[in-house]
Each structure stands twice: as structure tokens, then as C-alpha cells.
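To start, the structure under review is shown below, and the notes come after it.
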Amino acid sequence: MCTVDYTVRAMNKRESTIILGFLLLLLIPVLWLTYESVSKISTVFIFHRNDYVITQSMLTKNVCKKYGGGARFDINYKGDTVEGSDGCRLLADKGDFVKIYFNKNNLYDNGIVKELITLCCGRIFLLFVLSILFFKRVTKYHHL
């Protein structure tokens, strides 16, 4: 009876270790991606907001493909025109106006405001869920 209980506990601990490792492997890249998104938002809206312009631009293209694609728009600033781009926009079409941000010193540092915020919120939510699962698994692991 005692050896069976010990074997079951050892199997549970091994399974818990595998799940814990898997969650950690997921948590690290999501943490990095979340940091990148939060850093970009804080740069555009808080720390260097005088370097950025928030304006409206018309979409010149919106392509969503399985691999690649995205939205395109023109940026006009001080006589320069640059094609900006961002990820897919499913709810907007060519000719629709979207709110964009761009860096006055580097017009290629640009994007769609809503996409930036939505991406950041999604990554924060995913990080939050993975963190809860990870810490629940850590506490369960220590109780085995």
C-alpha cells in the first residue's frame, strides 16, 4: 500500500514538473513580448510623446493573409511622404480613416494606434493568465 502511494506521488510530481517547465517556456517569450508592447506604448504616449504625432490617415491597402500581409497608409509630414504599415485590420478597409502615430524624426517608426493598444492589452492579458497558471502550478508542486 505504501509503495503504491509513493509511486503515484512520484508520477504526480513528475507530471507537475513537466507542466511547470512548459508554462515557464511559454511565460518567458510572452513576458518579453509584453515588455516590448508596454515599452512602445509608454514611449509614444508618455516618455517621448513630443517626438510623436498622432493623426488620421487613410488606408491605402489592407491585406490579411495566412502568412504576412497587413495594413498600409501614407504619412505626410513636412513635405515628406512615406508609406506606413502595421498588422492586419479586419474591421477596416481600403479608404477607411484610422488613427496613426509616427515619429517626427523617423517617419518609418509608425503604426496604427488601435492596433498598438489592442496588441498590448492582449499580451498583458495572456501574461496575466499564464502567470496565474504558473504560480498555481508552483504552489501545487510544493504541496506534492
Side-chain angles (χ1 to χ4, degrees), residues 5-144:
D5 186 41
Y6 177 75
T7 306
V8 169
R9 288 182 78 197
M11 286 175 54
N12 286 343
K13 192 152 187 153
R14 184 174 46 227
E15 287 175 4
S16 190
T17 304
I18 291 169
I19 293 171
L20 193 63
F22 180 70
L23 284 173
L24 189 60
L25 283 176
L26 287 176
L27 195 60
I28 291 171
V30 170
L31 181 65
W32 176 253
L33 291 172
T34 304
Y35 170 76
E36 283 182 345
S37 296
V38 170
S39 174
K40 185 66 174 182
I41 282 182
S42 59
T43 298
V44 172
F45 295 105
I46 299 169
F47 298 120
H48 298 283
R49 66 176 174 225
N50 293 332
D51 293 341
Y52 285 86
V53 173
I54 309 292
T55 186
Q56 294 257 334
S57 183
M58 185 175 66
L59 289 179
T60 57
K61 189 176 186 184
N62 187 21
V63 179
C64 276
K65 296 179 182 174
K66 189 171 183 179
Y67 301 102
R72 304 251 188 274
F73 46 87
D74 288 335
I75 297 169
N76 301 304
Y77 183 69
K78 292 188 177 178
D80 289 334
T81 301
V82 170
E83 184 183 60
S85 64
D86 207 340
C88 288
R89 296 218 18 107
L90 297 173
L91 301 176
D93 203 357
K94 181 179 175 180
D96 289 346
F97 280 87
V98 292
K99 191 177 280 189
I100 64 163
Y101 66 89
F102 66 88
N103 189 333
K104 293 186 276 189
N105 303 315
N106 177 10
L107 297 182
Y108 293 97
D109 178 13
N110 59 65
I112 299 171
V113 171
K114 185 178 176 186
E115 291 298 305
L116 179 65
I117 293 171
T118 304
L119 184 64
C120 184
C121 290
R123 288 176 175 173
I124 288 172
F125 178 74
L126 184 59
L127 179 68
F128 181 70
V129 168
L130 284 176
S131 298
I132 288 172
L133 289 173
F134 180 76
F135 289 115
K136 274 185 156 182
R137 186 55 67 170
V138 166
T139 56
K140 185 177 178 182
Y141 181 79
H142 286 297
H143 290 306
L144 288 178

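Residues take their numbers from the sequence shown, with the count starting at 1. Since this is a predicted model, take the numbers as computed values, not measurements.
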Heavy-atom side-chain contact between Leu116 and Tyr101 under 4.5 Å:
yes
Are Phe22 and Ile18 packed together at the side-chain level, in the sense that at least one heavy-atom pair is separated by less than 4.5 angstrom?
no
To the nearest 0.5 angstrom, please state how far the CG atom of Leu133 sits from the CG atom of Leu20.
11.0 Å
Heavy atoms, side chains only, cut-off 4.5 Å: are Ser131 and Leu27 in contact?
yes
Side-chain (Asn106) to main-chain (Asn103) donor-acceptor, under 3.5 angstrom
no
So, taking the atom named CD1 in Ile75 and the one named OG1 in Thr55, what distance separates them when rounded to the nearest 0.5 Å?
9.5 Å
To the nearest 0.5 Å, atom CG of Leu25 lies from atom CG of Leu130 at 11.5 Å
Lys104 side-chain N/O to Asn50 backbone N/O, donor-acceptor pair under 3.5 Å
yes
Can you tell if the side chain of Val113 reaches within under 4.5 Å of the side chain of Ile100, non-hydrogen atoms only?
no
Where do Ala71 and Ile112 come nearest, in terms of heavy atoms and distance?
CB-CD1, 3.8 Å
What one should report as the nearest heavy-atom pair of Cys88 and Val63 is SG-O, 3.6 Å
I'd like to know if the side chain of Ser42 and the backbone of Ser39 have a donor-acceptor N/O pair within less than 3.5 Å.
yes
If you take all heavy atoms of Ser37 and Arg123, which pair is closest and at what distance?
OG-NH1, 2.8 Å
Run Tyr52 and Thr43 through side chain to side chain contact (heavy atoms under 4.5 Å, CB included) and show every step you take.
CA-CA 9 Å; Tyr52 285 86; Thr43 298; 3.9 Å; yes
Presence of salt bridge, Asp109 and Lys40, under 4.0 angstrom
yes
In terms of heavy-atom contacts, Leu59 and Asp93 come closest through CD1-O, 3.6 Å
Does Phe102 have its ring centroid less than 6.0 Å away from the ring centroid of Tyr77?
yes
For Ile28 and Trp32, what are the C-alpha separation, side-chain angles and deciding distance, and is it a side chain to side chain contact (heavy atoms under 4.5 Å, CB included)?
CA-CA 6 Å; Ile28 291 171; Trp32 176 253; 5.9 Å; no
Does one side chain, of Arg72 or Thr60, offer a donor that lies under 3.5 Å from an acceptor on the other?
no
Tell me, do Lys99 and Ile54 make a side-chain contact under 4.5 Å, heavy atoms counted?
yes
Which atom names give the shortest non-hydrogen contact between Ser57 and Phe73, and what distance separates them?
OG-CB, 3.5 Å
Hey, what do you get for NE2 (His48) to CG (Asn105), rounding to the nearest 0.5 Å?
11.0 Å
Does a side-chain heavy-atom distance below 4.5 Å link Arg137 with Leu23?
yes
Do the side chains of Phe134 and Val138 get nearer than 4.5 Å, heavy atoms only?
yes
Under a plain distance cut-off of 3.5 Å, with no hydrogens placed, do Asp74 and Thr81 share a side-chain donor-acceptor pair?
no
Which pair of non-hydrogen atoms, one from Val38 and one from Cys120, has the smallest distance, and what is that distance?
CG2-SG, 3.7 Å
Compare all side-chain heavy atoms of Asn76 with those of Asp80 and state whether any distance is below 4.5 angstrom.
no
